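After the structure tokens below, expect a handful of questions from me.
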2 protein chains.
Amino acid sequence: MHYTRDNMAGLLRSHDINPTHQRIEIAHALFSRQEHLSADQVMAIVNTRHSETSKATVYNTLKLFLEKGLVREVIVDPSKVFFDPNTSPHHHLYEVDSGKLSDIDAEHVQISGLPPLPPGMVTEGIDLIVRVRRKA
Amino acid sequence: MHYTRDNMAGLLRSHDINPTHQRIEIAHALFSRQEHLSADQVMAIVNTRHSETSKATVYNTLKLFLEKGLVREVIVDPSKVFFDPNTSPHHHLYEVDSGKLSDIDAEHVQISGLPPLPPGMVTEGIDLIVRVRRKA
DNA sequence: ACGGCGATCTGGACTTTGTCTAATATCCGG
DNA sequence: CCGGATATTAGACAAAGTCCAGATCGCCGT
């Protein structure tokens, strides 16, 4: 299955999101690349030709995608948030010097021995980030 | 062992940090509380009476502490970095609504099945963050 | 006590990421 | 084609953090 602009409309609709031009462009930017992008990067991609989509819309749209479960937020860098089109359970590998972020399949990773949650709380997610650095 | 200002000087020296007034105050703020503080919070604490320590110094000092391994950086909130005086291996529990951040002892937590690192890379740290939310 | 010097600190300008708002544009059902 | 709801926009704004040139500190040798 390829991520064409046409498929994006269906994807958005299936997540209860009204597919507008801008939203399709932004979804396409994320899903056709299957990469972790920051809001800045999304904006740059979407506006390569002429400026077409405003900053506010990019931020609004990414937040909407997040709420609707279309993308996931990855917080590894203090200076910017990344958006991840892969919402299946997985972890992340972060190369500190280059800023490169990649997925770690959760399939074979086991986490055990976590203490019980505080009462009245539910888990929203478990983020496992392996921070690596080029050997000296 | 209590974290008095006097003890701070020794602590700093043992980490190869020249103990100045400002550095002692900042270390004291972190270690006497044993809590996760943001740069803002540190600044507020240190400057309760009169303004004594500049923003630049707070940031410089926290970065210095980080480099020297005196504190650890916790990146859970996209809008600010927390500094953690507890450098022993442990994980974090983050209450999304309240912003409260607490420690999870690493002793009983087991993580297995992580894939091998890319060649030429060394692990700088593994961050495990359990994000929780008040039950609806 | 004094001068000097490297290390440290400072205010303030600046950058970057992200939010907000009020006005405008678009879409859709009738 | 009209009206209302929904979406988009430019630009002002806010907050966290960086940067720099000048002031200050603490300490050493004399």
Side-chain angles (χ1 to χ4, degrees), chain A residues 8-9 12-13 15-30 36-47 49-68 70-71 73-84 96 99 101, chain B residues 5-6 8-9 12-13 15-30 36-47 49-68 70-71 73-84 96 99 101:
Chain A
M8 288 302 105
L12 293 181
R13 260 187 290 265
H15 282 259
D16 202 22
I17 298 169
N18 204 340
T20 64
H21 291 304
Q22 290 86 341
R23 289 172 182 174
I24 287 172
E25 280 307 309
I26 291 171
H28 183 254
L30 279 161
H36 308 84
L37 299 177
S38 65
D40 271 29
Q41 292 175 305
V42 170
M43 189 148 49
I45 291 168
V46 169
N47 291 337
R49 318 181 145 270
H50 344 69
S51 190
E52 290 153 4
T53 303
S54 73
K55 184 166 60 150
T57 297
V58 170
Y59 278 97
N60 288 343
T61 301
L62 289 171
K63 195 193 283 184
L64 178 68
F65 285 4
L66 198 58
E67 281 163 9
K68 299 296 189 179
L70 191 62
V71 301
E73 205 179 22
V74 186
I75 304 173
V76 285
D77 184 303
S79 75
K80 60 179 71 173
V81 172
F82 287 96
F83 294 87
D84 187 347
V96 175
L101 183 62
Chain B
R5 280 175 180 75
D6 287 353
M8 288 303 105
L12 294 180
R13 259 186 289 264
H15 282 260
D16 202 19
I17 298 169
N18 204 340
T20 65
H21 290 306
Q22 289 88 339
R23 289 171 182 175
I24 288 172
E25 280 308 308
I26 292 172
H28 184 252
L30 280 161
H36 309 83
L37 300 177
S38 65
D40 271 29
Q41 293 176 304
V42 169
M43 189 147 49
I45 291 169
V46 167
N47 291 337
R49 318 182 147 269
H50 342 71
S51 188
E52 290 153 4
T53 302
S54 73
K55 184 165 59 147
T57 298
V58 171
Y59 279 97
N60 288 342
T61 301
L62 289 171
K63 194 193 284 184
L64 179 68
F65 285 4
L66 198 58
E67 282 163 8
K68 299 295 189 179
L70 192 62
V71 301
E73 205 178 19
V74 186
I75 304 173
V76 283
D77 184 302
S79 75
K80 60 178 74 174
V81 172
F82 287 97
F83 294 87
D84 187 346
V96 174
L101 183 62

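What you see is a predicted model, and the numbers here were worked out from it, not measured in a lab. Here is how names work: the chains are called A, B, and so on, in the same order as the sequence lines, proteins then strands, and each is numbered from 1.
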**Message:** Test of understanding: with salt bridge (Lys or Arg N to Asp or Glu O under 4.0 Å), list the residues that count as partners of D40(A), not counting sequence neighbours.
**Reply:**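 With neighbours one apart ignored, the set is empty.
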**Asked** Expressed in angstrom and rounded to an integer, what is the separation of E25(B) atom CD from dT8(C) atom P?
**Response**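 Between P of dT8(C) and CD of E25(B): 17 Å.
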**Asked** Which whole-number value in Å describes the distance from D77(A) CG to dT18(D) C1'?
**Response**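 That distance rounds to 15 Å.
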**Whole-Å distance separating the CD1 atom of I17(A) from the C1' atom of dT6(D)** =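 Spelled out: CD1 on I17(A) to C1' on dT6(D) is 14 Å.
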**Prompt:** Angle, rounded to 10°, between the helical axes spanning five pairs at each terminus of the helix from dA1(C)-dT30(D) to dG30(C)-dC1(D)?
**Reply:** 20°
**Request:** Can you measure from OG1 (T61(B)) to CG (L30(B)) and round to the nearest 0.5 angstrom?
**Result:**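 Between atom OG1 of T61(B) and atom CG of L30(B) there are 10.5 Å.
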**Complete:** In whole angstroms, the gap separating C1' of dG17(D) from NZ of K80(B) amounts to 13 Å
**Fill in**
Hits for salt bridge (Lys or Arg N to Asp or Glu O under 4.0 Å) against D6(B), two or more places apart or cross-chain, chain-then-number order -> none
**Item:** Non-neighbouring partners of N18(B) that pass side chain to side chain donor-acceptor pair (under 3.5 Å), sequence neighbours left out
**Value:**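 So N18(B) forms no side chain to side chain donor-acceptor pair (under 3.5 Å) with any residue.
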**Prompt:** Residues two or more places apart in sequence or in another chain: which of them pass side chain to side chain donor-acceptor pair (under 3.5 Å) with T57(A)?
**Reply:** S54(A)
**Prompt:** Whole Å only: how far is the CG atom of L12(A) from the C1' atom of dA7(D)?
**Reply:** 14 Å
**Prompt:** Which part of the nucleic acid, if any, lies within reach of S38(B) when heavy atoms closer than 4.0 Å are counted: base, sugar-phosphate only, or nothing?
**Reply:** nothing
**Message:** Without decimals, in angstroms, what is the distance between R23(A) CZ and dT6(D) P?
**Reply:**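 Interatomic distance, CZ of R23(A) to P of dT6(D): 11 Å.
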**With sequence neighbours excluded, residues passing side chain to side chain donor-acceptor pair (under 3.5 Å) with D77(A)** = S79(A), Y94(A)
**Item:** Rounded distance in Å - CG (N47(B)) to P (dC9(C))
**Value:**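 My rounded result for the distance is 13 Å.
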**Distance in angstrom units between N18(A) CG and dT6(D) P, rounded** = 10 Å
**Asked** With sequence neighbours excluded, what pairs up with R5(B) under the salt bridge (Lys or Arg N to Asp or Glu O under 4.0 Å) test?
**Response**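 Only E25(B) meet the salt bridge (Lys or Arg N to Asp or Glu O under 4.0 Å) criterion with R5(B).
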Can you tabulate the close N/O pairs, meaning under 3.5 Å, that link protein atoms to atoms of nucleotides 25-29 of chain D?
unit_1: dG26(D); atom_1: OP1; unit_2: H21(B); atom_2: NE2; d: 3.1

**Message:** Does a side-chain N or O of Q22(B) approach OP1 or OP2 of dT10(C) to a distance below 4.0 Å, or not?
**Reply:** yes
**Message:** Under the rule for side chain to side chain contact (heavy atoms under 4.5 Å, CB included), what residues qualify as partners of P78(A), not counting sequence neighbours?
**Reply:** E73(B), I75(B), V81(B)
**Asked** Counting distance only, does the side-chain N/O of Q41(B) pair as donor-acceptor with the main-chain N or O of S38(B) below 3.5 Å?
**Response**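 Yes, the answer is positive, given that a donor and an acceptor are paired below the 3.5 Å cut-off.
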**Residues in side chain to side chain donor-acceptor pair (under 3.5 Å) contact with Q22(B), at least two apart in sequence or another chain** = none
**All salt bridge (Lys or Arg N to Asp or Glu O under 4.0 Å) counterparts of K63(A), not counting sequence neighbours** =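 Counting only residues at least two positions away or on another chain, K63(A) forms no salt bridge (Lys or Arg N to Asp or Glu O under 4.0 Å).
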**Asked** Which residues within residues 53-64 of chain B lie with some heavy atom under 4.0 Å of an atom in DNA chain D?
**Response** K55(B), A56(B), Y59(B)
